[in-house]
Amino acid sequence: MKRKKTHLLVLGGGPGGYTAAFYAADRGLEVTLVDDLPRLGGVCMNHGCIPSKALLQTTAYLEAMDKLKDRGIHFDKPRLNLRDLNEWKDQVVVKLGRGLESLAKSRSVKVVRGRGTFEDVNLLRVEQEEGQQYYEFEQAIIATGSRPALPGPMDIGNPRVLTSREALEVESVPERMLVVGGGYIGLELGTVYARLGSEVTVVEATAGLLPGVDRDLVRPLGKAMESIFNEVRLETSVEHLSTSGEQVEAAFSKDDSSDSGLFDRVLVAIGRQPNTAALGLEDAGVGTDGKGFIKVDEQGRTGNGQVWAIGDCCRNPMLAHKAAKEARVAVRSILGERASAADFRVPAIVFTDPAVAWAGLTEAEAAEQDIRFETASFSWKASGRALSHGRTDGLTKLVVDPESKRLLGVGVCGYGAAELIAEGTLALEMGASVRDLAELIHPHPTLSETYQEAAEQFYGTATHQVARKADQP
Ligand code: NAD
C-alpha cells in the first residue's frame, strides 16, 4: 500500500472545506482537499444555497411583474420554459465551480476526487474509479457537511417524494404540491413552486412557521405565506406517505384527529443530518454525539489531537457562512494561533419574500436565558423607501441590554432583509450601543434608515413613528 504524504488534509469541498483549504494554503501549508462531488462547492453551491437562490431570484420576477398591474404596467401571462430555467440555474453553479477550481489551482491546493474514509488516526483512504489511494496527514479537517433527513415513513422509494436536492431540478410544475416542514427549506422552495404555478400546501408540526425565530419577525412573513400558498397547516404532523397511483398520499395528524391528502409531488424539508456515518471516525479516534455530530472543542479540535471538524458535520446552525468562519478558526488553531468559535454572532437569513434575517439574541432566547433586555422596533409602514418599493410589510427590531444599552440582537423582516442584516451584524460584533445606531447617519432614502429609526424608537424619538417610551435621552 503506497502512501502519499500531505501536511493538511481537508475532507469535504463545501464552503467550510474549501475555505479551510484556501486559507491554509494562503498561510503557507501544503494542502490536499478530498471531495467526491465532480465540482468543488459542496451541497451549498451544487445542490443548495446557490441554485435555490437562483430559482428564488428568477421566480421573484414573476411575482413582481404580476404586482405591477396595480401600477399601470401590464404584461402578458408569462410562458415557462423549464429547460431554459434549469440551464440558466446550472450555468450559475458551473461558473462558480470553475472559479473555485481555478482558485484551488492557483494556490497549489491538490484536489483529489473520491470518497474518503479514515483508516487510522493519521491515515485516509480515498476510493476512486481508478482504485484506492492512501493519504498520511499531519493534520486533517473534516468538513463533510450534512444531508436532508428522510425518515423511514417518508422514504417510500417514490420519485415523487423529493428532498431539497431533487426539488432544485425543476422537472415539472406539479399541480398539487405538499411541503412537509415550515422551516428554511420548506418556505424557500415552496415559494419557488408556488410562483411557478403549483398549489402548495405547507404542513408544519409546531404552532408557527420558522420555529425558534422571533415571532414579531415571522408575523409579516406568515401573512405573505398565507397568500402565496394554497394552505398553511400549523400544529399538524405528516405521519407517513404512501404511493397512490400517480400521486402520493400523506397522512396528517393534529391533536387527536387525523386526515389525509393526495399530492402530485411532496417535498420533505424537516431538517438535515450530519454526514458522519461510514467515515471511519472510530478508527480515527474522532467521537460523535447521540445525533451524529462530531464532538469538538472551541477551536474545532476533535478527540484526535491531529483532527479538527467544522461546519454542519459538527454543530448547528447548519449555515455556510458559519462553516467558513469555523474553517479559519480551525486553520489558525492548527498554526498554533489563538482562535475560538465559541462566541460568534452568526447571522441567519430565510430568503423568502419578505425575507427574515437576524443575528445575536432573539427576544425569546434572552427571556429563556434570563438575560434582561428591552426591545425597540420600527414598522416599515413609515419608511419612504419601503413605500416606493410597494413593500411596507416589514419590521426592524433591536434587542438591547437595558444597563449598557448595547445591542444584544438585531432582526429584520422585509424585502431586502438579506442584505440589510449585515449592518446589524457588524453593529453587534463591534459592541455597538443603540445610541451608536441612532447617531450613525444612514443614507436616505434607504431601508437601512429603519435601523436608525428603531434605535431612535428605543429613546422615544423616532422621526417617523410616534414615541411610545418615556425614556428620553
Ligand atoms: P428546519 O429545521 O429549518 O425546518 C424543519 C421544519 O420541519 C421544522 O419547522 C419542524 O417543526 C418541521 N417538521 C419536522 N417534522 C415534521 C413533520 N413530520 N410534519 C410536519 N412538520 C415537521 O429544516 P430545513 O428547512 O429542512 O432546513 C435544514 C437546515 O438547512 C436549516 O436548519 C438551515 O440550517 C439550513 N438551510 C439554510 C438556508 C438559508 O440559510 N437560507 C436555506 C435552506 C436550508
Side-chain angles (χ1 to χ4, degrees), residues 38 43-66 75-94 147-150 153-204 224-233 238 240-252 260-270 272 351-353:
V43 168
C44 167
M45 199 202 73
N46 290 289
H47 311 290
C49 322
I50 298 299
S52 104
K53 265 77 254 179
L55 289 176
L56 273 162
Q57 189 60 45
T58 303
T59 54
Y61 296 122
L62 290 172
E63 219 181 325
M65 282 163 65
D66 190 48
F75 293 92
D76 290 339
K77 193 171 181 300
R79 284 174 293 117
L80 293 181
N81 180 326
L82 295 181
R83 200 194 56 208
D84 289 352
L85 176 64
N86 282 313
E87 247 177 53
W88 176 79
K89 172 205 65 179
D90 293 343
Q91 276 311 305
V92 174
V93 173
V94 167
R147 64 184 184 288
L150 190 60
M154 298 191 203
D155 189 8
I156 57 170
N158 182 331
R160 293 180 178 86
V161 177
L162 319 172
T163 66
S164 53
R165 184 169 177 146
E166 295 84 41
L168 286 165
E169 302 309 317
V170 189
E171 284 176 2
S172 63
V173 178
E175 207 171 301
R176 279 172 56 80
M177 184 171 199
L178 171 68
V179 172
V180 189
Y184 284 71
I185 294 179
L187 297 185
E188 291 183 359
L189 288 181
T191 296
V192 167
Y193 277 88
R195 284 172 177 163
L196 290 173
S198 294
E199 266 186 19
V200 175
T201 298
V202 175
V203 174
E204 165 55 43
M225 296 293 99
E226 270 173 26
S227 78
I228 182 168
F229 295 140
N230 189 48
E231 196 182 5
V232 176
R233 296 182 63 167
V238 173
H240 59 85
L241 302 172
S242 53
T243 299
S244 175
E246 302 272 286
Q247 290 183 303
V248 176
E249 182 165 7
F252 304 120
S260 65
L262 286 172
F263 298 89
D264 302 305
R265 293 281 183 286
V266 177
L267 166 63
V268 180
I270 57 171
R272 298 181 63 86
F351 288 80
T352 39
D353 189 19

Please answer whether the main-chain N or O of L56 pairs with a side-chain N or O of R195 as donor and acceptor at a distance below 3.5 Å. yes
Testing the basics here: between P51 and C44, what is the closest heavy-atom pair and its distance to 0.1 Å? CD-O, 3.8 Å
Measure from the side-chain N and O atoms of S198 to the backbone N and O of P174, and report whether any donor-acceptor pair falls under 3.5 Å. yes
Strictly distance-based, threshold 3.5 Å: is any side-chain N or O of E169 a donor or acceptor partner for the main-chain N or O of E166? no
What pair of heavy atoms forms the shortest contact from L196 to L80, and how long is it? O-CD1, 3.6 Å
Nearest atoms (heavy-atom pairs only) where V161 meets M154: CG1-O, 3.7 Å
Atom CZ of R165 and atom CG of L150: how far apart are they, to the nearest 0.5 Å? 13.5 Å
I'd like to know whether CD of E231 has more than 12 heavy-atom contacts from other residues, nucleotides or ligands below 6.0 angstrom. yes
Would V266 and R160 count as a side-chain contact (heavy atoms from CB on, under 4.5 Å) here? Give the steps. CA-CA 6 Å; V266 177; R160 293 180 178 86; over 6 Å; no
Are more than 12 heavy atoms, taken from residues, nucleotides or ligands other than Y61, located less than 6.0 Å from that residue's OH atom? no
Sequence neighbours left out, what passes side chain to side chain donor-acceptor pair (under 3.5 Å) with S172? Give chain and number order. R265
Could you list the donor-acceptor pairs under 3.5 angstrom formed between side-chain atoms of residues 241-249 and any protein atom two or more places apart in sequence or on another chain?
unit_1, atom_1, unit_2, atom_2, d
T243, OG1, N158, ND2, 2.9
Q247, NE2, D264, OD1, 3.1
E249, OE2, S260, OG, 3.1

Separation between CD (Q57) and OG1 (T59), nearest 0.5 Å, reads 8.5 Å
What do you reckon, is CD of E87 surrounded by more than 12 foreign heavy atoms closer than 6.0 Å? yes
How far apart are the closest heavy atoms of D353 and E63, and which atoms are they? OD2-OE1, 4.4 Å
Output the distance between atom CD1 (I50) and atom CG (D90), rounded to the nearest 0.5 Å. 13.0 Å
Minimum heavy-atom separation for L168 and G48, please, with both atom names. CD1-N, 3.8 Å
Just do the side-chain contact (heavy atoms from CB on, under 4.5 Å) check on T201 and F229 with the steps written out, would you? CA-CA 6 Å; T201 298; F229 295 140; over 6 Å; no
Identify all side-chain donor-acceptor contacts of residues 176-193 below 3.5 Å with residues at least two apart in sequence or on another chain.
unit_1, atom_1, unit_2, atom_2, d
R176, NE, L262, O, 2.9
R176, NH2, L262, O, 3.0
E188, OE1, K53, NZ, 2.7
E188, OE2, F351, N, 2.8
T191, OG1, L187, O, 2.6
Y193, OH, A167, O, 2.7

Quick one: CZ on R272 to CZ on R147, what's the gap to the nearest 0.5 Å? 9.5 Å
For the student: nearest non-hydrogen atoms of V170 and N86, plus distance: O-ND2, 2.9 Å
